[in-house]
Chemist: 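Sharing a structure, written as structure tokens. Questions coming.
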Amino acid sequence: QVQLVESGGGLVQAGGSLRLSCVAYGRTFNNYVMGWFRQAPGKEREFVALIGWSGAGPHYADSVKGRFTISRDNAKNTVLLQMNSLKPEDTAVYYCAATDRGWGLIQSGLYDYWGQGTQVTVSS
């Protein structure tokens, strides 16, 4: 079992930055590929970014590429999402997720563990 706890959301103006943090508790953190997803009101949950076991091979949704950066610190059981040049359309609840099914998975149904979510609101 893995428990994930996100933090770092908030309200920011367009063009601003936020950094989300996710701490994992439980099983060996570096056995899992870690991902970030988001869900806006009335929309389906969508993939944002993922990172491999040793920090290799970060992969991003086209909508955030060049603006968001995912990283992980296995010694601290933490994965971060640095979000720059935020836009109003980035407004959503952001979720941290973990999977041991393999790298490169962007379907939310393939992630077995989820955090409670943190709200990000970008004002225009």
Side-chain angles (χ1 to χ4, degrees):
Q1 191 77 7
V2 176
Q3 291 183 316
L4 304 173
V5 180
E6 303 103 331
S7 61
L11 173 64
V12 65
Q13 289 188 332
S17 298
L18 282 174
R19 188 176 75 167
L20 305 184
S21 177
C22 173
V23 180
Y25 301 92
R27 291 188 175 179
T28 306
F29 178 66
N30 58 5
N31 286 347
Y32 294 88
V33 172
M34 300 300 297
W36 286 96
F37 291 76
R38 66 186 182 187
Q39 188 166 18
K43 295 188 176 182
E44 292 186 354
R45 191 168 297 187
E46 66 174 2
F47 167 76
V48 175
L50 65 87
I51 190 165
W53 301 271
S54 59
H59 178 63
Y60 301 93
D62 288 343
S63 59
V64 306
K65 201 172 294 183
R67 300 188 297 123
F68 291 11
T69 302
I70 188 172
S71 61
R72 69 189 292 166
D73 184 340
N74 287 343
K76 297 181 179 179
N77 286 7
T78 299
V79 59
L80 302 175
L81 186 68
Q82 178 67 43
M83 305 186 295
N84 298 329
S85 302
L86 282 161
K87 305 175 181 180
E89 51 263 44
D90 294 318
T91 295
V93 176
Y94 282 71
Y95 297 91
C96 173
T99 182
D100 62 359
R101 299 171 190 255
W103 180 89
L105 303 175
I106 66 171
Q107 302 92 338
S108 60
L110 297 178
Y111 285 73
D112 297 304
Y113 303 102
W114 292 85
Q116 80 286 355
T118 185
Q119 177 70 48
V120 171
T121 303
V122 184
S123 63
S124 57

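The first residue of the sequence shown is numbered 1, and numbering continues consecutively from there.
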Chemist: Test Leu20 against Val120 for side-chain contact (heavy atoms from CB on, under 4.5 Å), laying out the working first.
Modeler: CA-CA 9 Å; Leu20 305 184; Val120 171; 4.0 Å; yes

Chemist: Under a 4.0 Å threshold between the charged nitrogen and the carboxylate oxygen, would Lys65 count as salt-bridged to Asp62?
Modeler: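 Looking at Lys65 together with Asp62, the answer is yes, because their closest N to O distance falls below 4.0 Å.
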
Chemist: If you compare all heavy atoms of Leu4 against all heavy atoms of Ala98, which two are closest, and at what distance to 0.1 Å?
Modeler: CD1-N, 3.9 Å

Chemist: Quick one: are Arg45 and Tyr95 in side-chain contact, heavy atoms under 4.5 Å?
Modeler: yes

Chemist: Before we go on, tell me: are the rings of Phe37 and Tyr111 under 6.0 Å apart, centre to centre?
Modeler: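 Yes.
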
Chemist: Quick check against the 3.5 Å criterion: does Thr99 have a side-chain atom that pairs as donor or acceptor with the backbone of Leu110?
Modeler: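 Judged by distance alone, yes, a pair lies under 3.5 Å.
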
Chemist: Check for me, please, whether Trp103 and Val48 land in the same ILVMFWY cluster - side-chain distances under 4.5 Å, paths through other members count.
Modeler: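 No, separate clusters.
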
Chemist: For Phe29, does the six-membered ring have the charged nitrogen or CZ of Arg72 within the cation-pi criterion, i.e. under 6.0 angstrom from the centroid and within 45° of the normal?
Modeler: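 Yes, a cation-pi geometry holds between Arg72 and Phe29.
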
Chemist: Give a yes or no on whether Gln3 atom CD has more than 12 heavy-atom contacts from other residues, nucleotides or ligands under 6.0 Å away.
Modeler: no

Chemist: Would you find a donor on one side and an acceptor on the other, under 3.5 Å apart, between the side chain of Thr91 and the backbone of Val122?
Modeler: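 Yes.
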
Chemist: Taking Ala92's backbone N and O only, do any of them form a donor-acceptor pair with Gln39's side chain (distance below 3.5 Å, no angle check)?
Modeler: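 Absent.
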
Chemist: Could you tell me how the ring of His59 sits relative to the ring of Phe47: parallel (under 30°), tilted (30 to 60°) or perpendicular (over 60°)?
Modeler: parallel

Chemist: Mind listing the closest non-hydrogen atom pair of Ile70 and Tyr60 along with its distance?
Modeler: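 The answer is N-OH, 2.9 Å.
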
Chemist: Could you pull out the closest heavy-atom pair between Gln119 and Val93, with the gap in Å?
Modeler: OE1-CG2, 3.2 Å

Chemist: Is Val23 linked to Tyr94 within one hydrophobic cluster, defined over Ile, Leu, Val, Met, Phe, Trp and Tyr using a side-chain heavy-atom separation of less than 4.5 Å?
Modeler: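 Each belongs to a different hydrophobic cluster.
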
Chemist: Would you give the length of the straight line joining atom OG of Ser63 to atom CZ of Phe68, rounded to the nearest 0.5 angstrom?
Modeler: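 Those atoms lie 7.5 Å apart.
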
Chemist: Please examine the side chains of Tyr25 and Asn77, heavy atoms only from C-beta on, and report whether any two atoms are closer than 4.5 Å.
Modeler: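 Asn77 vs Tyr25: side chains apart.
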
Chemist: Is Leu81 linked to Tyr113 within one hydrophobic cluster, defined over Ile, Leu, Val, Met, Phe, Trp and Tyr using a side-chain heavy-atom separation of less than 4.5 Å?
Modeler: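 Same hydrophobic cluster.
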
Chemist: Tell me, do Asp112 and Asp100 make a side-chain contact under 4.5 Å, heavy atoms counted?
Modeler: yes

Chemist: Is Val33 close to Trp53 at the side-chain level, that is, under 4.5 Å between some pair of heavy atoms?
Modeler: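 They are in contact (side-chain heavy atoms under 4.5 Å apart), so the answer is yes.
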
Chemist: May I ask you to test the Asp90-Met83 pair for a side-chain heavy-atom distance under 4.5 Å?
Modeler: no

Chemist: Rounded to the nearest 0.5 Å, what separates atom OG in Ser124 from atom CD in Gln13?
Modeler: 9.5 Å

Chemist: Is there a donor-acceptor contact under 3.5 Å from the side chain of Glu6 to the main chain of Cys96?
Modeler: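 Yes, the answer is positive, given that a donor and an acceptor are paired below the 3.5 Å cut-off.
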
Chemist: Nearest heavy-atom pair of Ser54 and Asn74: which atoms, and what distance?
Modeler: CA-ND2, 4.2 Å

Chemist: Can you tell if the side chain of Val79 reaches within under 4.5 Å of the side chain of Trp36, non-hydrogen atoms only?
Modeler: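 A side-chain contact exists here, since the closest heavy-atom pair is under 4.5 Å.
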
Chemist: According to side-chain hydrogen bond (donor to acceptor under 3.5 Å, both in side chains), who are the partners of Glu89, at least two apart in sequence or on a separate chain?
Modeler: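 Scan of Glu89 (side-chain hydrogen bond (donor to acceptor under 3.5 Å, both in side chains), adjacent residues dropped) gives none.
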
Chemist: Please identify each residue that fulfils side-chain hydrogen bond (donor to acceptor under 3.5 Å, both in side chains) with Glu46, with sequence neighbours left out.
Modeler: Arg38

Chemist: Search all heavy atoms of Ala14 against all heavy atoms of Pro88 and return the closest pair with its distance.
Modeler: CB-CD, 4.1 Å

Chemist: So do the side chains of Leu80 and Arg19 get within less than 4.5 Å of each other, counting heavy atoms only?
Modeler: yes

